[in-house]
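Just so we're on the same page: letters track the sequence lines, and every chain starts at 1. These numbers come from a predicted model, not from an experiment.
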2 protein chains.
Amino acid sequence: MNIGDVAQRCGLPAKTIRYYEDIGLIEPLRGANGYRRFRESDLHKLAFLGRARSLGFSIEDCRTLLTLYRDRARASADVKQVAQDHLACIDRKIGDLTQMRQTLSHLVEACAGDERPDCPILADLANLTQGQPCHGQSN
Amino acid sequence: MNIGDVAQRCGLPAKTIRYYEDIGLIEPLRGANGYRRFRESDLHKLAFLGRARSLGFSIEDCRTLLTLYRDRARASADVKQVAQDHLACIDRKIGDLTQMRQTLSHLVEACAGDERPDCPILADLANLTQGQPCHGQSN
DNA sequence: CCTTGACCCTCCCTTTACTGGAAGGTATTG
DNA sequence: CAATACCTTCCAGTAAAGGGAGGGTCAAGG
């Protein structure tokens, strides 16, 4: 299989597949013409990677997960650890974003949004010493 | 004021302040020795930037917001638009992360986390065609 | 006067996970 | 045999800085 077909089948852009080879996540064979030749196992790995990435795992996490996947003697605890760490990371991000969202939505609601220049959003950005908003805790 | 004092006062690393000058967000003066010399107005701008960045605005948004801030003839509608777009962006991110979180937390809960190799997390990553998880909708 | 240490300067590399494009080789189709 | 659609590598760029090298400057102390 050439890269185009693989891209089609696993839903990853060809560029990304080449990149994954570059960084050593996959090792497709090469034909006499220099084209990459993908086996089913490569396709499988790429699907694994695509799925892991879509769950937000970093490339390094993906590398670890692939290794664990290949390792028949793995402990599921190791996999779980990776996933839990990532979950914690996601929770942190959600928390940060939720904070921002709250502050921002208050400000947006308070803004008239007309032709006049007065704007509580700008006022908030301008007046506050970092980390001390006027309506609660900031970040 | 030298960059160190400014960094102290506005809570941004000196590196970041230099970077903001590089990309044209601020224009501190220069002393005869080549050192940057910051006015109060620069400090003010930097505080503004720090606050805007902490709310998750992109650098380009910050540039726009600073321009609007400086423009006494602005319409608050323009500011509101920027903020609303950003809010929508945040909501999208929260949505994506929440999706991931849900799938991932299910998987983590289902994983024994012991020394045995069997792992529903790996099974999920390996078995699924992209976008079709076994327990509901994926992404 | 000289040195020491704390500043400051610029410049370049690194990060994450790709994406885009140029320049060129190959395979297929008409 | 040409056009088109593949494929190849390499280089550059993205966001928003962070790290560190190599070197200039400033204030204080001996």
Side-chain angles (χ1 to χ4, degrees), chain A residues 1-38 42 45-46 48-66 85-86 89-90 92-93 96-97 100 130 139, chain B residues 1-38 42 45-46 48-66 85-86 89-90 92-93 96-97 100:
Chain A
M1 243 185 316
N2 283 344
I3 201 168
D5 308 314
V6 176
Q8 202 76 43
R9 287 230 261 156
C10 73
L12 293 172
K15 276 270 183 190
T16 299
I17 297 172
R18 291 196 194 97
Y19 174 65
Y20 286 174
E21 182 188 11
D22 260 17
I23 62 175
L25 285 178
I26 54 170
E27 287 187 65
L29 304 172
R30 291 293 177 136
N33 54 10
Y35 287 18
R36 289 169 183 81
R37 247 181 38 225
F38 296 84
D42 295 317
K45 269 194 191 178
L46 285 169
F48 185 103
L49 289 169
R51 172 77 177 150
R53 291 287 301 132
S54 83
L55 286 180
F57 284 106
S58 73
I59 290 285
E60 282 320 301
D61 281 349
C62 289
R63 197 188 299 279
T64 304
L65 290 171
L66 258 186
D85 288 354
H86 179 43
C89 177
I90 287 177
R92 239 178 299 117
K93 285 183 187 167
D96 289 352
L97 287 170
M100 288 180 192
Q130 228 174 350
N139 51 351
Chain B
M1 242 186 317
N2 283 343
I3 201 168
D5 309 313
V6 175
Q8 201 76 43
R9 288 229 262 155
C10 72
L12 294 172
K15 274 273 183 188
T16 299
I17 297 172
R18 291 197 193 96
Y19 173 64
Y20 286 175
E21 183 189 11
D22 259 17
I23 62 175
L25 285 178
I26 54 170
E27 287 187 65
L29 304 171
R30 292 291 177 137
N33 54 10
Y35 287 18
R36 289 170 183 81
R37 249 181 36 224
F38 296 84
D42 295 316
K45 270 193 191 180
L46 286 168
F48 185 102
L49 289 169
R51 172 77 177 149
R53 291 288 300 132
S54 83
L55 286 180
F57 285 106
S58 72
I59 291 284
E60 282 319 303
D61 280 349
C62 289
R63 197 188 297 279
T64 304
L65 290 170
L66 258 186
D85 289 354
H86 179 43
C89 176
I90 287 177
R92 239 178 298 117
K93 285 183 185 166
D96 290 352
L97 287 170
M100 289 179 192

Residue closer to the 5' end of DNA chain C, B/Ala14 versus A/Pro13 (nearest nucleotide): B/Ala14

Toward the 5' end of DNA chain C, by each residue's nearest nucleotide, A/Tyr35 or B/Arg18: B/Arg18

Rounded to whole angstroms, how far apart are [atom1] on [X] and [atom2] on [N]?
| X | N | atom1 | atom2 | answer |
| --- | --- | --- | --- | --- |
| A/Arg63 | C/dC18 | CZ | P | 12 Å |
| A/Phe57 | C/dT16 | CZ | C1' | 17 Å |
| A/Ile17 | C/dG20 | CD1 | C1' | 17 Å |
| A/Ile59 | C/dT19 | CD1 | P | 11 Å |

Set of residues satisfying side-chain contact (heavy atoms from CB on, under 4.5 Å) with respect to [X], sequence neighbours excluded:
| X | value |
| --- | --- |
| A/Asp42 | A/Pro28, A/Phe38, A/Arg39 |
| A/Asp5 | A/Met1, A/Asn2 |
| A/Arg18 | A/Ile3, A/Ala14, A/Lys15, A/Arg36 |

Along DNA chain D, first and last positions that approach a heavy atom of chain A under 4.0 Å: D/dC6 to D/dC10

Whichever of A/Arg37 and B/Arg53 has its nearest DNA chain D nucleotide further upstream toward 5': A/Arg37

Quick check for you: to the nearest 0.5 Å, what is the distance between [X] atom [atom1] and [Y] atom [atom2]?
| X | Y | atom1 | atom2 | value |
| --- | --- | --- | --- | --- |
| A/Leu49 | A/Arg51 | CG | CZ | 13.0 Å |
| A/Ile90 | A/Phe57 | CD1 | CZ | 7.5 Å |
| A/Arg53 | A/Leu12 | CZ | CG | 10.0 Å |
| B/Ile26 | B/Leu46 | CD1 | CG | 4.5 Å |
| A/Leu97 | B/Leu97 | CG | CG | 6.0 Å |

Side chain to side chain donor-acceptor pair (under 3.5 Å) against B/Asp96, all qualifying residues, sequence neighbours excluded: none

Minimum-distance pair of heavy atoms, taken over all atoms of A/Ala7 and A/Pro13: CB-C, 4.3 Å

Sub-4.0 Å heavy-atom contacts from residues 22-33 of chain A onto DNA chain D, ordered by number: A/Arg30

Sub-4.5 Å side-chain heavy-atom contact between A/Lys45 and A/Leu66: yes

Degree of bending, the helix from C/dC1-D/dG30 to C/dG30-D/dC1 (end axes from five pairs; round to 10°): 30°

Sugar-phosphate, base or nothing in reach of B/Tyr20, heavy atoms under 4.0 Å: sugar-phosphate

Under 3.5 Å between N/O atoms: give me all the protein pairs with nucleotides 13-15 of chain C, atom names plus distance.
none

B/Tyr20: partners by ring-ring contact (aromatic ring centres under 6.0 Å, His included), with sequence neighbours left out: none

Pairs meeting criterion salt bridge (charged side-chain N to carboxylate O under 4.0 Å, His left out) with involvement of residues 22-33 of chain A, two or more places apart: A/Glu21-A/Arg30

Listed partners of A/Arg63 passing salt bridge (charged side-chain N to carboxylate O under 4.0 Å, His left out), at least two apart: A/Glu60

Side-chain N or O of B/Arg36 closer than 4.0 Å to phosphate OP1/OP2 of C/dC8: no

